[in-house]
> 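Quick one: the structure is below, and I'll ask about it shortly.
One-based numbering, in listed order, for ligands and for the atoms of each.
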Amino acid sequence: MGGKYKLIILRHGRSEWNEKNLFTGWVDVPLNDEGRKEAVQAGKLLKQEGWLPDLLYTSLLRRAIVTANLALDEADRLWIPVKRHWALNERHYGGLQGLNKAEAAEKNGEEQVHLWRRSYDVRPPPTSEDYRKLEDDGRYSSQGISVPPTECLKDVLERVLPYWKSDIVSDLKSGKTVLIAAHGNSLRALMKDLEGISDKDIPGVEIPTGVPILYELDDDLKGKGRHLG
Ligand SMILES: O=C(O)[C@H](O)COP(=O)(O)O
């Protein structure tokens, strides 16, 4: 690695709904014990590697926020400034939120569920009534954020990249090591841009929970991630 700008991306540790194999999206579920342990281990690895973040970015969801706090506490970097933004939220899984992934595959077919989970531009069905009340959640209503009815990866990329370019890039270019604690699909969207992954290849990309991925980005903000641990 020989780039100039140091970026760490970290998918949240396993959550209670990951454990139950439920589609989560914007539902604000906590980490489970394993996920908390993964977060602490991530902090240990960052400290051992000497990759100490100067600034933290998170989504508005507790599984990412708590993962970052546990990791930073372990790395003795809990004191760094933090910026939180909805653009880093997990992809909204629409009407699939709360459903079991295996049951969804039985009902709709493996192929269809794989398309909903991993394709670039196939959206899951829109939000069910159960989750429409997310729109009243203070973290969105207070900022006038309209909660999407569903999202494909392309939709996520179209909200992540503008925020990456308007906010995160300038912090990187000021010489800060930046940690982004977020989600499997919001980070896949960013990784697609950083590593120049094609629409065809992105369905094959998985981001493990709780594993820091290190980038030394070049002047064009491109690079190849290195998994820690
Ligand atoms: O939102 C979810 O269900 C998970 O965080 C990610 O799910 P996926 O791996 O099915 O995209």
> Determine whether the side chains of H183 and S59 contain a donor N or O and an acceptor N or O closer than 3.5 Å.
yes
> Would K200 and Y120 count as a cation-pi pair here, with the cationic atom under 6.0 angstrom from the ring centre and within 45° of the axis?
no
> Not counting sequence neighbours, which residues clear ring-ring contact (aromatic ring centres under 6.0 Å, His included) with F23? List them please.
Y93
> Tell me, please, which residues at least two apart from D218 pass side-chain contact (heavy atoms from CB on, under 4.5 Å).
D220, K222
> Consider only side-chain N and O atoms of E90 and S186, and report whether a donor and an acceptor are under 3.5 Å apart.
no
> Only counting residues at least two apart or in another chain, list the ones meeting salt bridge (charged side-chain N to carboxylate O under 4.0 Å, His left out) with E151.
R159
> Note every protein N or O atom lying under 3.5 Å from an N or O atom of ligand 1, pairing the names and giving the distance.
{"unit_1": "ligand 1", "atom_1": "1 (O)", "unit_2": "G25", "atom_2": "N", "d": "2.8"}
{"unit_1": "ligand 1", "atom_1": "3 (O)", "unit_2": "T24", "atom_2": "N", "d": "2.8"}
{"unit_1": "ligand 1", "atom_1": "3 (O)", "unit_2": "K101", "atom_2": "NZ", "d": "3.2"}
{"unit_1": "ligand 1", "atom_1": "5 (O)", "unit_2": "E90", "atom_2": "OE2", "d": "3.3"}
{"unit_1": "ligand 1", "atom_1": "7 (O)", "unit_2": "K101", "atom_2": "NZ", "d": "3.0"}
{"unit_1": "ligand 1", "atom_1": "9 (O)", "unit_2": "R117", "atom_2": "NH2", "d": "3.0"}
{"unit_1": "ligand 1", "atom_1": "9 (O)", "unit_2": "R118", "atom_2": "NH2", "d": "2.6"}
{"unit_1": "ligand 1", "atom_1": "10 (O)", "unit_2": "Y93", "atom_2": "OH", "d": "3.1"}
{"unit_1": "ligand 1", "atom_1": "10 (O)", "unit_2": "K101", "atom_2": "NZ", "d": "3.0"}
{"unit_1": "ligand 1", "atom_1": "10 (O)", "unit_2": "R117", "atom_2": "NE", "d": "2.5"}
{"unit_1": "ligand 1", "atom_1": "10 (O)", "unit_2": "R117", "atom_2": "NH2", "d": "3.0"}
{"unit_1": "ligand 1", "atom_1": "11 (O)", "unit_2": "Y93", "atom_2": "OH", "d": "2.7"}
{"unit_1": "ligand 1", "atom_1": "11 (O)", "unit_2": "R118", "atom_2": "NH1", "d": "2.9"}
{"unit_1": "ligand 1", "atom_1": "11 (O)", "unit_2": "N185", "atom_2": "ND2", "d": "2.8"}

